[in-house]
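We use all heavy atoms of the structure for the numbers below, so side chains are in, but hydrogens, waters and symmetry mates are not.
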Amino acid sequence: MDKKKQSSKPGLRMKELVKETGVPKSTILHYLNQDLLPQPQKTSPNMAYYDPACTDRIQYIQHLQRRHRLSLSEIKQMMESKGQNLDFSIFSELDTIIFGRTQNGQLLNASEFCKATGLDRKQLKSLLEAKLLLPLQKNRFDPQDIGMGKMYATVSALGLSSEDMTEYVALCEKIVDHEMAIRKRLTHHLPYDEDAALTIELVKSARMMRAYLIDRLFQRRVAAMTDLKEAEEDE
């Protein structure tokens, strides 16, 4: 009986919306007052039900504010220009594809990062200046940064310096510039949701190409060598 009643609900109650999004009631009401959310269906003076799509929309608004520093007026303008029927779940998927789920993990400060990786402050400063470490937030390091830090500590112990690795930065920036130019050409004319969907596929394809081509070029180069010293003789 209870399940039947629950399945026939016209939407989510406010407390359910707060629980699903992790956003305070006051913030949700502010979004509602700014016409960023569809008006709820009121079944009585004290009971209102919200469209389940509000969950994705609220999370996307939060994402635009946090990641892209957009104001609510800018977000509203974007929504109005593209219509209210956007599939906001696609933007959540895009965020996960690009940034991964590691961004939900604990962030370490510089001292904690050095302790976790075995790097000292001088090495950390050198890696940051060389752009070999690129935290998304200044002086706040996520699990991906920590993994790279541990790797840098290992190769530094083997004799590599940050100067030995800076060529990677220039090459990677060139690759990213190329990928961004392709994305702009293919998506600039599309609505936001179609842009996001195509960008997801482009990101997946680019990651496959980077890993495959670099590994295969290296493998073929090694396979062509007659012995391990051949590379040194050719240089």
In short, D227 meets M225 closest at the heavy-atom pair O-CE, 3.1 Å
d(L37 CG, D51 CG) to nearest 0.5 Å is 9.5 Å
Exercise for the section: Check whether any side-chain heavy atom of Q34 sits under 4.5 Å from a side-chain heavy atom of S73, and report yes or no. Expected result: no
Examine distances only and state if a side-chain atom of D164 and a backbone atom of S161 form a donor-acceptor pair shorter than 3.5 Å.
yes
dist T117:OG1 -> F141:CZ (nearest 0.5 Å) comes out at 8.5 Å
- Going through the checks in order, is the side-chain contact (heavy atoms from CB on, under 4.5 Å) test met by R140 and N109? CA-CA 5 Å; R140 304 290 289 174; N109 60 32; 3.9 Å; yes
I61 and L72 have their tightest heavy-atom pair at CG2-CD2, 4.0 Å
Discussion item. Tell me whether L108 shares a hydrophobic cluster with L136, the cluster being built from Ile, Leu, Val, Met, Phe, Trp, Tyr side chains joined at under 4.5 Å.
Written reply: no
| request: Could you check if a side-chain atom of D177 sits within less than 4.5 angstrom of a side-chain atom of K174, using non-hydrogen atoms only? | output: no
Using a 6.0 Å cut-off, check whether atom CE of M180 has over 12 heavy atoms from anything other than its own residue. no
Nearest heavy-atom contact between A116 and I146 is CB-CG2, 4.4 Å
Rounding to 0.5 Å, atoms NZ (K150) and CG (D145) come to a distance of 12.5 Å
Closest non-hydrogen atoms of T199 and R183, given as atom of the first, atom of the second and distance, are OG1-NH1, 3.0 Å
Does F113 belong to the same Ile/Leu/Val/Met/Phe/Trp/Tyr cluster as M148, with side-chain heavy atoms less than 4.5 Å apart forming each link?
yes
To the nearest 0.5 Å, atom CD1 of I200 lies from atom OG of S205 at 11.5 Å
Between R207 and I98 the two heavy atoms that sit nearest each other are NH2-O, 3.1 Å
Would you say the side-chain atoms of S44 pair up with the backbone N or O of M47, donor to acceptor, closer than 3.5 Å?
-> yes
Are L29 and Y60 connected in the hydrophobic side-chain network, where two residues link if heavy atoms are under 4.5 Å apart? yes
Margin query: Is there a path of hydrophobic side-chain contacts, each under 4.5 Å between heavy atoms of I/L/V/M/F/W/Y residues, joining I214 to M209?
Written below: no
Using a 3.5 Å cut-off and no angle test, enumerate the donor-acceptor pairs between side-chain atoms of residues 119-131 and protein atoms at least two apart in sequence or in another chain.
residue : atom : partner : partner atom : Å
D120    : OD1  : K122    : N            : 3.1
D120    : OD1  : Q123    : N            : 2.6
R121    : NH2  : S111    : OG           : 2.6
Q123    : OE1  : D120    : N            : 2.9
S126    : OG   : S162    : OG           : 2.7

_Using the rule that Ile, Leu, Val, Met, Phe, Trp and Tyr join whenever any side-chain heavy atoms are under 4.5 Å apart, tell me whether L36 and L32 fall into a single cluster._
yes
**Asked** How far apart are the C-alpha atoms of Y49 and T43, what are their side-chain angles, what is the distance that settles it, and do they pass the side-chain contact (heavy atoms from CB on, under 4.5 Å) test?
**Response** CA-CA 8 Å; Y49 289 92; T43 57; 3.7 Å; yes
Please tell me whether E173 and Y168 have a donor and an acceptor in their side chains that are separated by less than 3.5 angstrom. no
Check: L17 and C54 side chains under 4.5 Å, non-hydrogen atoms = yes
One pair to check against side-chain contact (heavy atoms from CB on, under 4.5 Å): I58 and Y50. What are the steps and the verdict?
CA-CA 12 Å; I58 289 169; Y50 294 82; over 6 Å; no
So side-chain hydrogen bond (donor to acceptor under 3.5 Å, both in side chains) across residues 19-28, not counting sequence neighbours, yields E20-T55
Is it true that a side-chain atom of E16 and a backbone atom of R13 form a donor plus acceptor pair closer than 3.5 Å?
-> yes
Nearest heavy-atom contact between A48 and K42 is CB-CG, 4.0 Å
For a side-chain contact (heavy atoms from CB on, under 4.5 Å) check, start with the C-alpha distance between Y152 and L132, then their side-chain angles and the critical distance, and finish with the verdict. CA-CA 9 Å; Y152 289 137; L132 289 165; 3.5 Å; yes
Practice task
Check whether any side-chain heavy atom of V155 sits under 4.5 Å from a side-chain heavy atom of M165, and report yes or no.
Solution key: yes
Output for pair (L160 CG, T154 OG1), nearest 0.5 Å, gives 11.0 Å
Here the gap from Q62 atom CD to I75 atom CD1, rounded to the nearest 0.5 Å, amounts to 9.0 Å
